[in-house]
Amino acid sequence: MPIDLETLGREAKTALESAQNLKELDNIFHAYLGRKGKLTAVLRSLGTLTKEERTQIGKEANETKEMLAKIFEQRKNDLLREENRRSEEKEWIDVTAPGKKLTRGHLHPLTLIQRKAVEIFQDMGFAVVEGPEIESEWYNFDALNIPKNHPARDMWDTFWLNPKFLLRTHTSPVQIRYMEKHNPPFRIVAPGRIFRYEATDARHEINFYQLEGLMVGKDISAANFKAILETFYQRIFQAPTKIRLRPSYFPFTEPSFEVDMQCILCRGGGCSSCGQAGWMEMMGAGMVHPNVFKAVRYNPGEWQGFAFGMGLDRLAMMKFGIPDIRLFYGGDLRLLQQF
Ligand code: YSA
């Protein structure tokens, strides 16, 4: 059968020029010039022709091949340009559009209040120390003048880990640990997490934070404590606050007192946050008991000091107007994102 290369070439040219996309173009190219393509078949069949036919048809076939390859390249470039233009249109970016706000983490209100409290005491010359959350019975009780079977142990409902170790029920053991290793005079604060096996309500948690304070020197008195307390509250609240000192009892202080603040949430009228009292108990405090000094080999005739343990959660409640301590531990982002 005579080979009509002219028709084949024209047909392939029209097909290549009218391809609508790169895939279609590729398919057409292969239909003519691929391994099983129509023009490739012609080129492969040259061996079966006479010498004259081979020369003439071979020349024509090669010219057709070159022409189609050129058209293919040309169409490919046109289609590529067209596709780029379309995707640029689709991926158009409005550089004037307002940016998306990145959500950032927030410091927990308890972290904020602890940092602020520590900063204020540091400004007053207090060093910051720490103690372990798992404590021995000795540091948590005995060294603080609370021997075994002493009824005062009931003041701290305890999570015992075994007969000798427990989750510390207050930050006061840090006093002992510090005094064992340092000589007076000094002033320290010790913030930390503590644990109590007790029922929860709006102002009681089983896990909460305290800030212990201890100042020991030659002539430290309760007046020094009161002055430091006033400075502290003034700086935390930056507004007048009503504070009262109540006589109390702690085995490791004599005299002992507790510090109440007029409830900021009800302004003293009584609410569920303060148990209708109108006052919130903020800390226990007192002058260090001579037996505590003896336990750390200080001479009680020579040294005096005051100590306190303030509840940081309650301080945060009063500072930020949070009505229930349990909100601090609920992980509710609606609360946390306000800080
Ligand atoms: C007393 C004398 C010192 O020389 C030194 C420290 C102290 C304080 C003592 N270690 C103590 O823990 N006293 S306390 O049991 O009365 O607690 C102190 C403060 O922690 C309370 O005034 C209150 O603000 C807070 N607190 C107590 N139980 C709490 C609590 N906060 C939240 N949840 C609880 N369950």
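Computed from a predicted model, the values in this text were never measured in an experiment.
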Give a yes or no answer on whether the side chain of Lys319 reaches the backbone of Ile236 with a donor-acceptor pair at less than 3.5 Å. yes

Ignoring hydrogens and geometry, is there a side-chain-to-backbone donor-acceptor pair from Glu17 to Ala15 under 3.5 Å? no

Are Leu5 and Leu8 side-chain neighbours, meaning at least one heavy-atom pair lies under 4.5 Å? yes

What is the distance from atom CG of Leu335 to atom NE2 of His106, rounded to the nearest 0.5 Å? 11.0 Å

Any heavy-atom pair between the side chains of Val128 and Ile188 that's under 4.5 Å? no

CZ of Arg193 to CD of Gln114, rounded to nearest 0.5 Å, is 12.0 Å

Taking 4.0 angstrom as the limit, do Asp123 and Arg235 come out as a salt bridge? yes

Over 12 non-hydrogen atoms of neighbours within 6.0 angstrom of CD in Glu302: yes

Pro132 and Arg177, any side-chain heavy atoms less than 4.5 Å apart: yes

dist Ser273:OG -> Ile325:CD1 (nearest 0.5 Å) comes out at 10.5 Å

CA sep, side-chain torsions, deciding dist, call: Lys76, Asp26, salt bridge (charged side-chain N to carboxylate O under 4.0 Å, His left out): CA-CA 9 Å; Lys76 191 169 106 181; Asp26 211 45; over 6 Å; no

Can you give me the closest heavy-atom contact between Leu68 and Gly9, atom names plus distance? CD2-O, 3.8 Å

Check the orientation of Tyr298 and Trp303. Use parallel for under 30°, tilted for 30 to 60°, and perpendicular for over 60°. tilted

Can you list the steps and then say if Glu212 with Ser172 is a side-chain hydrogen bond (donor to acceptor under 3.5 Å, both in side chains)? CA-CA 6 Å; Glu212 192 79 7; Ser172 298; 2.8 Å; yes

Minimum heavy-atom distance Met283-Met310, with the two atoms named: CB-CA, 3.4 Å

Ile194 versus Thr169: any side-chain heavy-atom pair under 4.5 Å? no

Could you measure the distance from the CD1 atom of Ile113 to the CZ atom of Arg314? Nearest 0.5 Å is fine. 14.5 Å

For Asn27 and His30, does a side-chain donor sit closer than 3.5 Å to a side-chain acceptor? no

Backbone N or O of Thr14 within a donor-acceptor pair of the Ser18 side chain at under 3.5 Å? yes

For a quick test of reading the model, state the closest non-hydrogen atom pair linking Leu327 to Pro323 and the distance between them. CD1-CD, 4.1 Å

For Glu180 and Tyr139: C-alpha separation, side-chain torsions, deciding distance, then whether side-chain hydrogen bond (donor to acceptor under 3.5 Å, both in side chains) applies. CA-CA 11 Å; Glu180 277 178 342; Tyr139 285 111; 2.6 Å; yes

With no hydrogens and no angle check, just 3.5 Å: does a side-chain donor-acceptor pair link Ser221 and Gln304? no

Using modelled atom types only, decide if a donor and an acceptor are shared between the side chain of Arg203 and the backbone of Asp324 within a distance under 3.5 Å. no

Fit a plane to each ring of Phe121 and Phe126, take the angle between them on a 0 to 90° scale, and name the class: parallel (under 30°), tilted (30 to 60°) or perpendicular (over 60°). perpendicular

Roughly how far apart are Glu83 CD and Glu88 CD, rounded to 0.5 Å? 12.5 Å

Main-chain N/O of Tyr249 paired with Ser256 side-chain donor or acceptor, under 3.5 Å: no

Steps toward side-chain hydrogen bond (donor to acceptor under 3.5 Å, both in side chains) verdict (Gln56, Glu60): CA-CA 6 Å; Gln56 195 218 324; Glu60 270 179 51; 2.8 Å; yes

How about Phe225 and Phe257: are their ring centroids closer than 6.0 Å? yes

Assess whether a salt bridge exists between Lys148 and Asp142, defined as any Lys/Arg side-chain N lying under 4.0 Å from an Asp/Glu carboxylate O. no

Min side-chain heavy-atom separation Pro251-His289 under 4.5 Å: no

Please tell me if the side chains of Phe308 and Leu214 come closer than 4.5 Å, counting only heavy atoms from C-beta onward. no

Between Phe29 and Phe72, does the ring centroid distance fall short of 6.0 Å? yes

Hey, what do you get for CE (Met155) to NE2 (His170), rounding to the nearest 0.5 Å? 9.5 Å

Please report the C-alpha distance between Arg86 and Glu91 in whole Å, then the side-chain angles of each, then the deciding distance to 0.1 Å, and finally whether the salt bridge (charged side-chain N to carboxylate O under 4.0 Å, His left out) criterion is met. CA-CA 9 Å; Arg86 260 193 245 125; Glu91 287 162 20; over 6 Å; no

Walk me through whether Glu119 and Lys116 qualify under salt bridge (charged side-chain N to carboxylate O under 4.0 Å, His left out). CA-CA 5 Å; Glu119 179 194 313; Lys116 188 71 197 165; 3.3 Å; yes

Give a yes or no on whether the ring-centroid distance for Phe339 and Phe320 is below 6.0 angstrom. yes

Go through the steps for Glu11 and Lys38 under the test salt bridge (charged side-chain N to carboxylate O under 4.0 Å, His left out), then give the verdict. CA-CA 11 Å; Glu11 180 192 294; Lys38 287 182 192 171; 3.2 Å; yes

Check: His182 ring centre within less than 6.0 Å of Phe186 ring centre: no

Do Val296 and Ile176 come close enough that some side-chain heavy atom pair is under 4.5 Å? yes

Side chains of Glu230 and Gln234, donor plus acceptor under 3.5 Å: no

Counting N and O atoms only, with roles assigned by atom type, does the side chain of Thr241 sit under 3.5 Å from a partner on the main chain of Phe237, one being a donor and the other an acceptor? no

